[in-house]
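The structure under discussion appears below in the form of structure tokens.
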Amino acid sequence: MMESITTDVLIIGAGAAGIRAAIAACKNNADVVMVAADDVTYGGSTFSEISKGWGIQGLVDAERTAEKLEDFYGDIIQVGLGQSDSKLVRILVEESGPRIEDLISYGLKFKRGHDGNYIRARGCFSETERAFLTSDIANIRQTFLSILRRWPVRVVTGSATELILGEGICLGAWIIKNSGTFVQISAKSTILATGGGSGIYKDHMGCGGGFGDGYALAYLAGAELKNMEFVQFAMGLKHNGSRKFLPTGKLDLPNKIVNSSGGDILKHYMPDNGQRLESLKARQKHMPFSCRDSSGSVDIAVARARRLHKTLYWLDDEMKNNTFEVVHFAHAFNGGVKINERGESTVPGLYAAGEAATGAYGADRIGGTMMTATQVFGKRAGQFAAQRAKRLNGMPARVIGKDETDRIDRLKLDDDVLHALAAIESRVKEAMGQYAGILRSNKGLKKCKKIVKTCADQLRDLEFHVPANFERYYKVRNLIITANLVTKNSLARKESKGSHYREDDLKTIEGTVK
Ligand SMILES: Cc1cc2nc3c(=O)[nH]c(=O)nc-3n(C[C@H](O)[C@H](O)[C@H](O)COP(=O)(O)OP(=O)(O)OC[C@H]3O[C@@H](n4cnc5c(N)ncnc54)[C@H](O)[C@@H]3O)c2cc1C
């Protein structure tokens with residue numbers, strides 16, 4: 001007998017967005033079930049061990065003057081290069097302060113200066129010091145865990161594999177618990193808070209899988225996704241499994257990035273001294289790559305050199321015992337599930353929040369606004385999902401049955417199947433890095449699309465050799481769907497814009513890298 005759970009609001013994902021949504025739904029008297037793929041406050045970008053904290057943009061208290069709110073709004077719109085939803089940006093700006101004040105009241109500690117005031121930092125792509133900073137991962141974990149514990153949220157540890165649909169309405173989801181058993185969760189409202197998809201690239205900064213589960217589940221359910229071509233990449237260093245951001249402030253020193261014979265890559269690929277120094281100066285203003293200004297030439301030079309030399313190294317006296325490889329890490333997605341002001345997707349009953357959703361930023365994103373979005377739209381999704389559930393109360397639960405137990409019992413995992421799955425996964429990740437990373441072109445993206453399609457066919461052939469409760473199968477399926485969405489959108493956008501750079505866009509725009 002398969003386990004089944006009925007609830008008002010189902011939240012898939014337990015990062016900052018999922019937890020914020022859970023509180024809001026509980027406050028609106030909904031019964032809430034949260035599915036967490038990892039232990040709560042581990043896994044996902046919110047609790048990343050790489051940065052051990054984050055910045056969050058917002059205007060609080062007396063700062064919330066009409067002029068400052070307008071500046072903040074204008075800043076996000078300008079950085080988004082026409083790709084953000086102005087209504088959602090307006091909401092993000094207006095509600096940023098109250099959501100940060102909520103976090104402070106929950107016990108989150110933002111950094112303070114010697115004068116006792118909060119330190120405020122410039123986020124990437126912005127000139128205004130608006131971001132609050134956290135740097136104590138233990139405090140972040142403790143805060144989110146303790147607020148979650150204050151509310152009667154039932155947590156199921158497992159992975160959502162499919163949304164349940166009936167007549168085009170989302171009715172909940174299928175979950176594979178970590179024990180390998182299926183649970184059918186019937187919900188009046190379902191919120192995707194599954195984070196981003198940077199894990200579809202071989203080199204990525206995400207934690208855990210990050211294969212874009214939410215994008216894939218939403219896509220399969222027929223929801224609209226937007227801006228999937230805008231993926232943030234940042235230069236980084238990797239060594240024996242450790243990953244860190246590249247200190248861009250040191251790039252103007254000679255011989256920092258070298259090939260295997262010690263050749264200075266930046267000097268070679270950017271021979272004009274004046275231009276190189278100007279680009280390197282611009283490069284320090286934001287961590288993610290963008291072709292919006294001359295800073296992008298640095299990343300393009302590094303990516304082209306990597307294409308030729310395969311491996312590049314970082315030389316640094318402070319790290320002389322290590323040989324760090326220079327790579328571009330996929331860092332975060334600016335695109336995702338299209339939502340409205342209530343956090344609803346285009347599928348009734350399905351909501352999205354945090355990095356799974358898009359709208360409040362565009363081709364580029366001011367550093368710190370992603371965390372703001374987790375709080376602003378997490379709260380909204382939770383609140384409106386609960387209100388929808390209330391409206392539907394008294395109506396019978398509409399659940400479509402599905403019995404997978406035969407396949408669970410019947411099939412045993414075969415080593416060949418495991419190897420085949422791993423090979424598909426690594427082929428897609430390689431192709432994404434090669435053709436849908438920093439350097440994109442019609443020819444390369446078409447190649448990538450073909451590889452992804454071949455991998456999808458291979459996966460389909462494996463379906464009946466894999467037990468239905470084998471979670472990895474669904475992860476690889478999600479990876480393929482997300483990779484396909486990024487590739488398709490990148491092919492469609494022929495012009496370079498922000499984080500999306502097309503090598504074959506021959507239009508030279510003043511102030512834009514070519
Ligand atoms: C190193 C690093 C530094 C960053 N720094 C900043 C910063 O300073 N400021 C900023 O604004 N942004 C920053 N970002 C981006 C920001 O951290 C993320 O966008 C944000 O944390 C996303 O929160 P989220 O709740 O949407 O998703 P996450 O925190 O990623 O959580 C997603 C959750 O969903 C779960 N999940 C996924 N798939 C499934 C499934 N199928 N079933 C069940 N559960 C699932 C995961 O286990 C996880 O619990 C950074 C990102 C990284 C990687």
Side-chain angles (χ1 to χ4, degrees), residues 10-22 33-58 92 96 121 123-124 131-135 137 140 144 155-163 173-178 183 185 190-199 204-218 232 234 236 243-245 287-288 329-334 336-337 352-358 360-361 365-375 377-378 381 471 474-475 477-479 482:
L10 165 64
I11 298 169
I12 305 174
I19 294 176
R20 192 63 190 81
V33 171
M34 171 180 268
V35 179
D38 307 279
D39 288 342
V40 174
T41 73
Y42 287 83
S45 297
T46 304
F47 306 110
S48 163
E49 293 280 355
I50 296 173
S51 52
K52 296 187 168 47
W54 26 261
I56 179 167
Q57 292 271 347
L92 182 98
S96 61
C124 297
F132 290 78
L133 303 172
T134 62
S135 62
I137 187 75
I140 296 172
F144 279 94
V155 177
V156 174
T157 310
S159 193
T161 56
E162 240 174 282
L163 296 174
W174 289 97
I175 313 297
I176 298 179
K177 288 219 281 197
N178 289 1
V183 191
I185 304 186
T190 300
I191 302 174
L192 291 170
T194 39
S198 60
H204 66 91
M205 275 287 181
C207 302
F211 286 178
D213 285 13
Y215 308 137
L217 295 181
Q232 290 195 336
R243 297 171 287 178
K244 55 168 107 180
F245 292 113
M287 188 255 301
F329 286 114
H331 172 248
F333 273 45
N334 289 350
V337 180
E355 202 173 322
T358 192
Y361 19 76
R365 169 173 63 79
I366 294 181
T369 46
M370 190 70 104
M371 287 312 302
T372 318
T374 64
Q375 299 307 289
F377 294 102
E471 191 201 337
Y474 298 95
K475 294 286 173 197
R477 178 202 65 186
N478 295 344
L479 161 94
T482 307

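All ligand and atom numbering here is 1-based and tracks the order in the structure. Position 1 is the first residue of the sequence, and the numbers go up from there. Not measured: the values here are computed from a predicted model.
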Q | T46 side chain to A16 backbone, donor-acceptor under 3.5 Å | A | yes
Q: With sequence neighbours excluded, tell me which residues meet salt bridge (Lys or Arg N to Asp or Glu O under 4.0 Å) with R20.
A: D102
Q. In terms of the angle between their ring planes, are F333 and Y215 parallel, tilted or perpendicular, with boundaries placed at 30° and 60°?
A. parallel
Q) Closest approach of V40 and A14, non-hydrogen atoms and distance? A) CG2-CB, 4.4 Å
Q) Given side chains that start at C-beta, do those of I12 and D213 come closer than 4.5 Å, heavy atoms only? A) no
Check: every ligand 1 N/O to protein N/O pair under 3.5 Å:
from, atom 1, to, atom 2, distance (Å)
ligand 1, 8 (O), G55, N, 2.9
ligand 1, 9 (N), G55, O, 2.9
ligand 1, 11 (O), G368, N, 3.4
ligand 1, 11 (O), G368, O, 3.4
ligand 1, 11 (O), M370, N, 3.3
ligand 1, 11 (O), M371, N, 2.8
ligand 1, 19 (O), E355, OE1, 2.5
ligand 1, 21 (O), T46, N, 3.2
ligand 1, 21 (O), T46, OG1, 2.9
ligand 1, 23 (O), T46, OG1, 3.2
ligand 1, 25 (O), A16, N, 3.1
ligand 1, 25 (O), A17, N, 3.0
ligand 1, 26 (O), E355, N, 2.9
ligand 1, 29 (O), S45, N, 3.3
ligand 1, 29 (O), T46, N, 2.9
ligand 1, 29 (O), T46, OG1, 2.5
ligand 1, 30 (O), S45, N, 2.8
ligand 1, 34 (O), A193, O, 3.4
ligand 1, 38 (N), D213, OD2, 3.4
ligand 1, 41 (N), S159, OG, 3.4
ligand 1, 41 (N), A160, O, 3.2
ligand 1, 41 (N), D213, OD2, 2.6
ligand 1, 42 (N), A160, N, 2.9
ligand 1, 44 (N), A37, N, 3.4
ligand 1, 47 (O), D38, OD2, 2.8
ligand 1, 49 (O), A14, N, 3.2

Q.
When you compare the side chain of R477 with that of E162, does any pair of heavy atoms fall below 4.5 Å?
A. yes
